[in-house]
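Both backbone and side-chain heavy atoms feed into the values below; hydrogens, waters and symmetry mates do not.
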Amino acid sequence: MQVTDDINKLLEIFPKQLKNSLEQHPQLGNLIEVVMDLGRLPEARFPGGAEYLSQIPVSHADLHYSTSRVGRFSGDNRAGIEQTLHRISAMRNRSDEIIGLTCRVGRAIFGTINMIRDLVETGNSILMLGRPGVGKTTALREIARVLADELHKRVVIIDTSNEIAGDGDIPHPAIGRARRMQVAAPELQHKVMIEAVENHMPEVIVIDEIGTELEALAARTIAERGVQLVGTAHGNQIENLIKNPTLSDLVGGIQSVTLGDEEARRRGSQKTVLERKAPPTFQIAVEMLERQRWVVHENAAETVDCLLRGRKPGFQVRTVSETGEVTIAQESAPEPAGVMSAQPFGVGGWRSSGKMQAIPLNPDREREGGGRSASRVRNPIQPLNPQERYFEQLLNQSLGGETGFLEPGSSYLDQGSGQETRFLGGSSGSSFASAPGPNGEDLPLHVYAYGVSRQKLDQVIVAMQLPVVLTKDVDSADVVLALRSHVKNHSKLRLMAKNRHVPIYTINSSTIPKIAHTLQRMLQGDDAGIPELTDLSIFTQNGSDDELEALEEARLAVEQIVIPKGQPVELLPRSAKVRKMQHELIEHYRLKSSSFGDEPNRRLRIYPA
């Protein structure tokens, strides 16, 4: 990366004693800012901390010396040095006299855009978030230059404080061919934004520090006119914008919605929920955690929806090394306490910590699609009550033959997976395998999901490229997919499906393998899915806790990362005997795995199908 800071021009505004101290300082190239407060010792701030520049307190004469060598202070108490990117901010007393200065070093860093260049080239609007001093303005400046010079777009910068393109009437060369519009007063920024679109035909608008409701509204107006926006906003993370009523419109706006009883039961949520009002103004959100480490949400709408539903969204972590090499890691946010989540290559988490926690039986998480059925967890299983035992007996008695032919009104139960299929329509002796859909309907297959995690369904459909469309209307559905516990207590759903001759497929929990297995049965009619496991001990030799723990780790990695996200996963180092058991378990899922590394750190790597 190439850095241009014009540091000598900044040193010229300081009194001679301070200037000499700074010129002789070994970390001058890393200087962040110089603070001069009346009656206090002047200090210089560096990444590693602050140091005093003199043992003589700052006087009125020192402040006057510095302010007389900078530009005019605007309504936001900011000034600059002509043809530089430095920013001088003033503190005033109640009489409007300057009693303190913060002299921030402005640097043009060429190369920062490499971390998100692919996103900039898509033409989607990008919102940069981060704490002060993390480099948001520097990134905006570089993005504007690349868009104007290298991508040959018409770029207009709304420079409220002359911080992006420097002080003075001539913009700093760091913005390239991009044009800059100055703002007379901070409260007029939203008007200048609209003026830029109406008068200068830009293809890209660059805005720094969107902070008011009028500015957020102006940004939405600009985006709806087909102009790409690149801007920053107050807030460290996207959650901060959701909770900020003034700026929430940047990510689509938030509204309270009251659901009907059936919809609330289907979602497994309360009747009053928060939902996004409109598409986000910015399609991409970037959280600048550090200068060399950014978190990217490529689909801001999906991220907001996940957060409003109480789920943790997926995201990218992009880092850049000292040599300029960019690394992109696809990650998921940490699971709630007590839940272990596998991570892709090179990512921290449970694998780097060397610890694994057991998954507790949690009915709420199971309803949301995040848990697993009780029969698959190595915890004491609660006995079934008489009603549930009777229902299980009825299902077992409904087991059909092995020919794959079903009579209308009959039920079929897969004993290996614990899944029941009710065939309520069609002609006698019809074969599932001979028709594109369960009743011979044309593909794509329209599925009405009841009580099943829609997120998991979407993951399976996309990952396996299934010709399935999810519908919210039973009348337009070809088949119903529901949780078994919901079907037992919902006679109305069974009656609606029977009257419309729509088959009902039931599963006992919203896990990825069960959903994938059932969707394959819908489409193919044969047992093409992955058989469910009832007991991990069948893969062990002596059933020790270490062996079961290793198998549990492998199963979670497959179900939470490899199958739904199509990503390879590395497991913890294990002995040769345990690795062999893990290989057999992975083979059960019809996936490939290999051992690599040297003992005692040799471990398994699981590959997607």
Main chain of [Y], side chain of [X]: is a donor-acceptor contact present, judged purely on distance under 3.5 Å?
| X | Y | result |
| --- | --- | --- |
| Q83 | I170 | yes |
| R276 | A278 | yes |
| R154 | M201 | yes |
| H172 | A174 | yes |
| N199 | A196 | no |
| D159 | E163 | yes |
| T84 | G80 | no |
| R293 | T319 | no |
| T303 | H297 | no |

Residues which pass salt bridge (charged side-chain N to carboxylate O under 4.0 Å, His left out) with [X], listed by chain and number, not counting sequence neighbours:
| X | result |
| --- | --- |
| E287 | none |
| D37 | none |
| E275 | R267 |
| E215 | none |

Legend entry - R605 NZ/CZ over Y607 ring centroid, <6.0 Å and within 45° of normal: no

Inset, instruction - Check step by step if salt bridge (Lys or Arg N to Asp or Glu O under 4.0 Å) holds for E97 and R92. - result: CA-CA 5 Å; E97 296 177 347; R92 299 178 183 269; over 6 Å; no

Legend entry - Summary of side-chain hydrogen bond (donor to acceptor under 3.5 Å, both in side chains) pairs that have at least one residue in residues 243-255, sequence neighbours excluded: R220-D249

Inset, instruction - Please lay out, stage by stage, how L308 and I242 fare under the test side chain to side chain contact (heavy atoms under 4.5 Å, CB included). - result: CA-CA 9 Å; L308 293 177; I242 295 177; 4.0 Å; yes

Legend entry - Those residues that, when tested against A178, pass side-chain contact (heavy atoms from CB on, under 4.5 Å) (two or more places apart): A144, A148, V155, I157, I175

Inset, instruction - Please name all residues satisfying side-chain contact (heavy atoms from CB on, under 4.5 Å) with Q182, sequence neighbours left out, ordered by chain then number. - result: N162, D169, R180

Legend entry - Atom pair OG/CG of S89 and D76 - distance to nearest 0.5 Å: 7.5 Å

Inset, instruction - Give, for atom CG of L119 and atom OG of S125, the distance between the pair rounded to the nearest 0.5 Å. - result: 12.5 Å

Do any pairs count as a salt bridge (Lys or Arg N to Asp or Glu O under 4.0 Å) and have a residue in [range], sequence neighbours left out, and if so which ones?
| range | result |
| --- | --- |
| residues 51-62 | none |
| residues 8-36 | E12-K19, E33-R45, E33-R104 |
| residues 112-137 | R117-E121, R117-E150, D118-R318 |

Legend entry - Residues R78, S161; criterion side chain to side chain donor-acceptor pair (under 3.5 Å); working and verdict: CA-CA 7 Å; R78 292 180 178 180; S161 302; 3.2 Å; yes

Legend entry - Listed partners of E187 passing side chain to side chain donor-acceptor pair (under 3.5 Å), at least two apart: none

Legend entry - Nearest heavy-atom neighbours spanning Q228 and N124: NE2-O, 3.2 Å

Legend entry - For P313 against C306, the heavy-atom pair lying closest together: CB-CB, 3.9 Å

Legend entry - Heavy atoms from other residues, nucleotides or ligands near CZ of R40 exceed 12 (cutoff 6.0 Å): no

Legend entry - Listed partners of H25 passing ring pair (Phe, Tyr, Trp, His ring centres under 6.0 Å), at least two apart: F46

Legend entry - Check: T272 and S256 side chains under 4.5 Å, non-hydrogen atoms: yes

Inset, instruction - Check whether any side-chain heavy atom of F73 lies under 4.5 Å from a side-chain heavy atom of I98, and answer yes or no. - result: yes

Legend entry - Worked verdict on I238 versus L307 for side chain to side chain contact (heavy atoms under 4.5 Å, CB included): CA-CA 9 Å; I238 199 168; L307 292 173; 3.6 Å; yes

Legend entry - Donor + acceptor pair across side chains of E209, T232 (<3.5 Å): no

Legend entry - H86 versus D167, side-chain donor and acceptor atoms under 3.5 Å: no

